[in-house]
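A quick write-up on the structure given underneath.
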2 protein chains.
Amino acid sequence: MAEARRSWREVRDAIRADILSGRLSPGDRLPRDEDLARRLNCARSTVQRAMQDLSQAGLVERRRRGGTRVRPDPVTRATFDIPITRHEVEARGARYGHQLIRAAELPAPPAVVAAFDLHSPERTLYVEALHLADGRPYILEERWIATRTVPEIRAVDLTRISANEWLVLNRPYSRCDLRFYAIQADPRVARLMGAAPGAALLVIERTTWIGSEPITTVRAITAPGYQLQTRT
Amino acid sequence: MAEARRSWREVRDAIRADILSGRLSPGDRLPRDEDLARRLNCARSTVQRAMQDLSQAGLVERRRRGGTRVRPDPVTRATFDIPITRHEVEARGARYGHQLIRAAELPAPPAVVAAFDLHSPERTLYVEALHLADGRPYILEERWIATRTVPEIRAVDLTRISANEWLVLNRPYSRCDLRFYAIQADPRVARLMGAAPGAALLVIERTTWIGSEPITTVRAITAPGYQLQTRT
DNA sequence: ATTCATAATATGTGCGCACAAAACATGTCA
DNA sequence: TGACATGTTTTGTGCGCACATATTATGAAT
């Protein structure tokens with residue numbers, strides 16, 4: 001059948017076409033790598049490379065000894081890049097600025113303790129700040145920082161560098177949970193954001209850990225009209 | 001120095017630690033794979049595997065002949081799985097239902113033509129449908145389907161299977177653009193969703209193509225309180 | 001100085017091999 | 001029957017090699 005050697009992309013595309021065209025259905029088992037390699041006239045490592053890609057894309061599931069199966073519930077998998085807010089603003093060609101609204105050492109409220117996956121209370125630094133693009137409100141962030149994990153943050157001048165930027169640059173994280181939802185601007189948020197009271201705002205919530213130690217959780221309230229889109 | 005052979009994960013973690021700790025700064029160039037391999041006591045292919053991972057995670061950028069550099073603008077990269085709505089509802093333990101509100105062949109409005117990256121007008125099937133969880137509104141979708149690319153859709157009984165599910169199962173796509181934002185429910189949407197007028201709703205907009213041919217663009221308006229989160 | 005062909009170099013791909021590790025199957029023993 | 005050890009199967013990892021490919025650097029010719 002096939003004569004020319006196939007590249008891993010060709011192998012991937014061939015299998016993907018089989019799945020997407022319905023020749024393979026969700027839940028179906030695929031031949032083992034070695035058989036596919038023989039059939040497609042390539043090395044097993046090439047099939048492996050193709051499968052690695054398909055697996056990461058969420059199209060197939062692989063298990064040792066269990067073989068490879070078409071994912072039973074097809075999904076659309078999307079990847080987003082969330083940059084440092086300053087970079088995001090500057091990439092839009094706007095002038096970046098930020099205002100520290102409040103910084104205070106507080107015990108973590110129950111919602112934050114829950115977000116951190118903890119039971120016991122946690123000492124936190126609460127930081128509220130407004131990111132500006134060309135002087136106009138861009139993102140309002142309400143942030144809790146676990147001072148036990150990040151004690152140095154207390155020595156940082158948060159009027160000079162935003163907690164967002166300092167943390168991303170200085171605190172590696174091993175786990176990051178993200179959540180998106182919509183809220184209506186309450187009077188206070190509306191005033192800070194220069195939005196109409198009741199306006200619909202996209203919220204990006206992010207919590208990070210290093211190992212099992214919580215670092216920070218932040219509620220980023222975006223300005224009216226803000227859109228988040230997949231990288232191209 | 002190092003004696004034990006390193007696995008690609010160890011190599012990846014070592015390099016990642018160098019980046020995140022600041023020993024390597026954004027924009028810095030890394031040694032070439034071969035030197036890293038010698039230094040870390042492993043094969044070049046192992047370094048290659050580690051770099052592949054770091055590159056996909058957005059931590060480094062690699063170019064042939066240009067070498068490897070730490071990405072100049074650090075980002076948080078997040079991956080979402082957007083399942084078929086029926087699966088999503090059922091995974092929450094709820095009973096799925098859906099109602100076809102309207103289906104009509106219409107010329108694509110300008111916004112849709114733009115979303116499809118086209119200039120000329122396009123014949124579309126407009127479909128409006130409501131997805132239900134336990135009988136309650138879950139997602140309202142407004143969808144335009146390019147009938148030139150997907151003529152078979154006209155023969156599908158959209159009261160029996162949702163356009164969402166039919167398309168995902170029958171129409172492979174090669175490109176998918178996603179966009180999230182918040183809207184306020186206008187009176188009609190509020191009535192359909194059983195929400196208060198003016199409620200903040202998360203909208204997921206998705207456009208797919210096969211090759212350069214548009215398939216569909218959909219505006220999925222979610223019920224109040226809907227949250228989208230990264231897969232765990 | 002500018003343009004263009006050419007060389008040098010780092011990453012990307014592919015192969016074949018060997019062994020590791022997970023997960024499932026089987027059979028033994030109580 | 002049930003718990004547990006053992007074997008088998010499939011994917012995962014690692015190595016070393018050769019060559020492909022993209023990109024930058026070099027230098028010649030105008």
Side-chain angles (χ1 to χ4, degrees), chain A residues 1-19 24-72 79 232, chain B residues 1-19 24-72 79 232:
Chain A
M1 249 195 242
E3 309 210 350
R5 249 70 214 306
R6 311 269 191 116
S7 73
W8 71 265
R9 285 168 200 278
E10 289 171 319
V11 171
R12 176 198 62 188
D13 292 347
I15 297 168
R16 180 160 56 192
D18 279 351
I19 294 171
L24 289 169
S25 303
D28 280 2
R29 178 156 178 191
L30 280 74
R32 36 196 275 263
D33 292 1
E34 209 175 324
D35 293 342
L36 275 174
R38 200 172 10 244
R39 193 187 307 178
L40 296 170
N41 193 29
C42 66
R44 179 164 83 90
S45 53
T46 303
V47 174
Q48 168 84 27
R49 182 67 185 81
M51 287 298 188
Q52 185 196 321
D53 202 68
L54 291 167
S55 171
Q56 274 200 308
L59 269 177
V60 303
E61 285 173 343
R62 283 162 73 79
R63 314 178 65 169
R64 282 175 165 160
R65 156 94 213 205
T68 306
R69 303 185 163 274
V70 181
R71 202 179 204 282
T79 302
T232 47
Chain B
M1 251 195 233
E3 311 211 347
R5 249 68 211 309
R6 311 272 189 113
S7 72
W8 71 265
R9 285 168 200 279
E10 289 172 318
V11 171
R12 176 198 62 187
D13 293 346
I15 297 169
R16 182 161 54 194
D18 278 352
I19 294 171
L24 290 169
S25 304
D28 279 3
R29 179 159 177 186
L30 280 74
R32 38 196 274 264
D33 293 0
E34 210 175 323
D35 292 342
L36 276 174
R38 198 171 13 243
R39 192 187 310 178
L40 296 171
N41 193 30
C42 65
R44 178 163 84 90
S45 53
T46 304
V47 174
Q48 168 85 26
R49 181 68 186 82
M51 286 299 187
Q52 186 196 320
D53 202 68
L54 292 168
S55 171
Q56 274 200 308
L59 269 178
V60 304
E61 285 173 342
R62 281 162 74 79
R63 313 178 63 173
R64 283 174 167 164
R65 158 90 218 209
T68 306
R69 301 183 165 275
V70 181
R71 202 181 204 282
T79 302
T232 46

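Basis for what follows: all heavy atoms, side chains included, without hydrogens, waters or symmetry-related copies. Naming convention: chains lettered A, B, ... in sequence-line order (proteins, then strands); numbering from 1 in each chain.
Atom pair A:Trp8:CH2 and D:dG12:P shows a separation of 15 Å (rounding to whole Å applied). In this structure, the CZ atom of A:Arg9 is 18 Å from the P atom of D:dA20, given to the nearest Å.
Across the interface with DNA chain C, nearest-nucleotide mapping of A:Cys42 and B:Glu34 shows B:Glu34 to be the residue nearer the 5′ end.
Here A:Gly67 lies in heavy-atom contact (under 4.0 Å) with sugar-phosphate atoms only. Using a 4.0 Å heavy-atom criterion, one finds that A:Ser45 contacts the bases of the nucleic acid, with or without backbone contacts as well. The residue B:Gln48 sits close to a base: some heavy atom pair falls under 4.0 Å. Among the heavy atoms of the strands, none lies under 4.0 Å from B:Arg69.
Checked against A:Thr68 for a side chain to side chain contact (heavy atoms under 4.5 Å, CB included), the options A:Leu36, A:Val60, A:Asp28 give a single hit: A:Val60. With respect to A:Leu54, the side chain to side chain contact (heavy atoms under 4.5 Å, CB included) criterion is satisfied by exactly one of A:Glu61, A:Arg71, A:Arg16: A:Arg16.
Nearest heavy atom pair, residue A:Val11 against residue A:Val47, reads CG1-CA, 4.4 Å. Taking both residues in full, the closest heavy atoms of B:Pro72 and B:Pro26 are given as O-CB, 3.3 Å, listed atom of the first, atom of the second, then distance. Nearest approach of A:Arg29 to A:Arg65, heavy atoms of both residues: NH2-O, 4.4 Å. Among all heavy-atom pairs drawn from A:Arg12 and A:Ala50, the shortest one is N-CB, 3.6 Å.
A heavy atom lying under 4.0 Å from DNA chain D marks the following residues of residues 55-65 of chain B, by number: B:Arg63, B:Arg64, B:Arg65.
No hydrogens or angles were tested; on distance alone, a donor-acceptor pair under 3.5 Å links the side chain of A:Arg44 to the base of D:dG12.
Running 5' to 3' along DNA chain C, contacts with non-hydrogen atoms of chain B at under 4.0 Å begin and end at C:dA8 to C:dT13.
The shortest side-chain heavy-atom distance between B:Met51 and B:Ile15 falls under the 4.5 Å cut-off. The shortest side-chain heavy-atom distance between A:Arg6 and A:Thr46 does not fall under the 4.5 Å cut-off.
With rounding to the nearest 0.5 Å, the separation of CZ in B:Arg44 from CZ in B:Arg32 is 9.0 Å.
In terms of phosphate contacts, A:Thr68 brings no side-chain nitrogen or oxygen within less than 4.0 Å of OP1 or OP2 of D:dT10.
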